[in-house]
Amino acid sequence: MIETVEIDEPLSLEDHAQIVHLAEAVRFLREQAAALLPRLRGRRVWMINSTARGGGVAEMLPKVVALLRELGVPTEWAVMGSREPEFFVLTKRLHNLIHGHGDPLLTEEEHSLYAAVSAENAGAMKRRLERDDILVIHDPQPLGMGAQLKRELGIPTVFRCHIGLDERTPETRAAWRFLRPFAEDCDHSIFSAPEYVPGFLSDQSDVIHPAIDPMSFKNRPLSATKLAGILCNAGLMVSSEPVVPLSFAEAATRLAPDGSFAPIDARTDIGLLFRPIVTQISRWDRLKGWKPLLDAFVRLKSGRFTKRAGIADRHRRRLELVRLVLAGPDPAAVADDPEAQEVLRELIDSYRDLPPSLMQDVAVISLPMASRKQNALMVNALQLCSSVIVQNSLREGFGLTVTEGMWKHGAILGSRACGIRQQIRDGIDGRLVQDAEDPDELAQLLDEMLEDLPARARWGQSAQLRVHDQFLVFAQVRRWLEVLAERADPSAPV
Ligand code: UDP
């Protein structure tokens, strides 16, 4: 079952080239493309994954495909499928095992199922392929199919694995034992960090970091009035001034002391745009380190910080005013995820245990998911009005929230989880906490970061530059061109 996906990208490369802070990145991409395109002449690239919607891969592929096409590399996006729901149970299991979770025992039946679905999809895909095509296989679902096509047709095949763990455990070993024969059949593999490359692929792999689209609704610049308009229309802020209405399908809501989520009103307004704000936006996942962050904020507000000897009046006032925003998806939208429900329930309980004055200073926010565009604008607006953007993950594959915050020249406080380490250099692009589960250390760093305005500006500037150079979609397409040219013409010097 193979389906090709139509691409409908609103902005062309030329549109991006007209934007002053993107012109340089586009120019560099075009320059690199001009050098590499002769090696790709006559080639067509197939990006193959297992879903057209949902998840980071489906989010980024349209942009990458559109840019490759515009640069002159014919590129198609195909989605594999199966009528066997058990196949996706198995591939979800493999996904979790690669992240170190789940039962490592993979049965004979599971091997047979994977082989059967891979063969069926390879058969369907074969009819669409030509001799000069290049395959890029995204993640384990289509890997078996890609390996079979490689074996049968001999066309260049690259395995792009978007997941990984910087540890070797019985679970990760089991997953890679299962996938190894297929991954080894491919000519090359791409991972998001060097730590994720399994040993047996170390001499046939490269790293391409995930990337963001700088003009997406989540990352585009917003003028002050647009920002205020989004905050008000999204229900994140109450203003006495009228604003031009935007039709937001649903408003954000804030956790109330009774444990329900309620619309924000004048009494429960957070003070966005006026107060110092510390923000974390993530899924309701235990590994995102919500609880230690909340505990750290409680400490930051205690007399130990606010009444310490020698504190400057201005900073004391800042600590009195600062508020914490913990934002994640509307619980109704993740009703089918029992773990998310449990993590949110625990956070709600911790919130309800806070003294009333602190409850006012902590805003647990539910972001509606009905419209992707509106959700993205809310995330954008919240990140833009944050003094410090935190990503306190205990584990993180990459952490696009970090990239998003860096691009907005935010001051980022991250953990040392593998993905975050790839992005933030401690003391250069932001700060990294040694131990994400230590609220004292987190509180200390928050205090230092809030106090040091010049350093925040410096980190933000450096962070934005780093994203510009390495983590924008243009850099990603540049890397793809290198990898594809190398596959198309392995004998040419790189
Ligand atoms: N996100 C969002 N709305 C939410 C929570 C998260 O749009 O309510 C986005 C966030 O902006 C980021 C993505 O979800 O783009 C999360 O990606 P990340 O790599 O940070 O973590 P993951 O969820 O993949 O573990």
Side-chain angles (χ1 to χ4, degrees), residues 51 53-60 63 95-96 98-101 139 161-165 192-193 196 209-214 216-220 230 234-236 248 250-255 261 279-290 293 325-335 337 339-340 343-344 347 363-384 386 389-408 410 412-415 417-424 436 467 471-473 476:
T51 175
R53 215 163 292 116
V57 179
E59 176 106 9
M60 246 2 259
K63 192 87 197 177
H95 176 108
N96 290 339
I98 290 177
H99 283 143
H101 297 290
D139 282 338
C161 187
H162 296 267
I163 51 183
L165 184 68
S192 296
Y196 301 158
H209 293 300
I212 57 167
D213 173 357
S216 64
F217 291 111
K218 197 172 285 177
N219 294 308
R220 60 177 55 182
I230 290 166
L236 286 162
F248 270 74
E250 282 178 51
T253 50
R254 177 177 178 179
L255 181 59
F261 280 90
T279 309
Q280 175 164 299
I281 305 171
S282 273
R283 288 179 296 106
W284 305 114
D285 184 319
R286 206 178 305 284
L287 295 177
K288 300 294 181 186
W290 294 105
L293 174 58
V325 171
L326 303 176
D330 178 358
V334 290
D337 183 347
E339 200 188 311
V343 171
L344 183 57
L347 198 61
V364 179
I365 300 290
S366 153
L367 297 174
M369 303 298 284
S371 152
R372 281 231 323 248
K373 171 180 168 182
Q374 289 163 14
N375 181 273
L377 286 172
M378 292 184 208
V379 172
N380 191 345
L382 280 177
Q383 286 170 335
L384 277 173
S386 304
I389 296 175
V390 185
Q391 193 57 54
N392 190 43
S393 308
L394 312 186
R395 277 198 188 147
E396 194 60 76
F398 190 69
L400 283 173
T401 47
V402 172
T403 335
E404 291 154 10
M406 289 169 79
W407 177 238
K408 299 176 183 87
I412 315 285
L413 171 56
S415 68
C418 185
I420 300 179
R421 282 195 326 256
Q422 314 290 317
Q423 304 186 64
I424 300 274
V467 174
F471 309 132
L472 288 186
V473 65
Q476 187 170 74

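In each ligand, atom 1 is the first atom listed, and ligand 1 is the first ligand listed.
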(request) Go through ligand 1 atom by atom and flag the ones less than 4.0 Å from a non-hydrogen atom of Ser282. (result) 5 (C)
(request) Compare all side-chain heavy atoms of Glu59 with those of Arg372 and state whether any distance is below 4.5 angstrom. (result) yes
(request) Pull out every atom of ligand 1 sitting under 4.0 Å from any heavy atom of Leu367, numbered as shown with elements. (result) 8 (O)
(request) Please report which non-hydrogen protein atom sits nearest to atom 15 (O) of ligand 1, along with the residue it belongs to and the distance in Å to one decimal place. (result) Glu404 OE2, 2.5 Å
(request) Give the numbers and elements of all ligand 1 atoms closer than 4.0 Å to a heavy atom of Val379. (result) 2 (C), 3 (N), 7 (O), 11 (O)
(message) Closer than 4.0 Å to some heavy atom of Gly328 - which atoms of ligand 1 meet that?
(response) 8 (O)
(message) Give the atom numbers and elements of ligand 1 that come within less than 4.0 Å of a heavy atom of Glu396.
(response) 21 (O), 25 (O)
(request) Examine Met369 against ligand 1 and note whether any of their N/O atoms are separated by less than 3.5 Å. (result) no
(request) Could you find the nearest protein heavy atom to atom 21 (O) of ligand 1 and give me its residue, atom name and distance? (result) Lys288 NZ, 3.3 Å
(request) Using a strict cut-off of 4.0 Å, indicate which atoms of ligand 1 neighbour a heavy atom of Arg283. (result) 22 (P), 23 (O), 25 (O)
(request) Evaluate side-chain hydrogen bond (donor to acceptor under 3.5 Å, both in side chains) for Gln383 paired with Thr279, printing each intermediate quantity in order. (result) CA-CA 7 Å; Gln383 286 170 335; Thr279 309; over 6 Å; no
(request) Examine Pro329 against ligand 1 and note whether any of their N/O atoms are separated by less than 3.5 Å. (result) yes
(request) Under the side-chain contact (heavy atoms from CB on, under 4.5 Å) rule, what do Glu404 and Asn380 come out as? Steps first, then yes or no, please. (result) CA-CA 8 Å; Glu404 291 154 10; Asn380 191 345; over 6 Å; no
(message) Does any part of the side chain of Cys418, heavy atoms only, come nearer than 4.5 Å to the side chain of Tyr196, both counted from C-beta?
(response) yes
(message) I need the atoms of ligand 1 closer than 4.0 Å to a non-hydrogen atom of Gly399, numbered in the order shown.
(response) 19 (O), 20 (O)
(request) Specify the closest pair of heavy atoms between Asn392 and Gln280, including all atoms of both residues, with the distance to one decimal. (result) N-OE1, 2.8 Å
(request) Specify side chain, backbone, both or neither for Pro210, according to which of its non-hydrogen atoms lie closer than 4.0 Å to ligand 1. (result) neither
(request) Considering heavy atoms of the protein only, find what lies nearest to atom 16 (C) of ligand 1 and give residue, atom and distance to 0.1 Å. (result) Thr401 CG2, 4.5 Å
(message) Let me confirm one number: the CD1-OG1 distance from Ile420 to Thr401, rounded to the nearest 0.5 Å.
(response) 6.5 Å
(request) Taking only heavy atoms of Asn375 into account, list the atoms of ligand 1 that are under 4.0 Å away from them. (result) 2 (C), 3 (N), 7 (O)
(request) Determine the minimum heavy-atom distance between Val334 and Ala340, stating which atoms define it. (result) CG2-CB, 4.1 Å
(message) Give me the residue, atom name and distance of the protein heavy atom closest to atom 18 (P) of ligand 1.
(response) Leu400 N, 3.4 Å
(message) Let's go through Gln391 and Ser415 carefully: what are the C-alpha distance in whole Å and the side-chain angles of both, what is the deciding distance for side-chain contact (heavy atoms from CB on, under 4.5 Å) to 0.1 Å, and is it a yes or a no?
(response) CA-CA 7 Å; Gln391 193 57 54; Ser415 68; over 6 Å; no
(request) Write out the residue and atom name of the closest protein heavy atom to atom 1 (N) of ligand 1, then the distance separating them to 0.1 Å. (result) Lys218 NZ, 4.1 Å
(message) Salt bridge check, Lys288 against Glu396: does any charged N sit closer than 4.0 Å to a carboxylate O?
(response) yes
(request) List the atom of Gln476, the atom of His209, and the distance in Å for their closest heavy-atom pair. (result) NE2-O, 3.2 Å
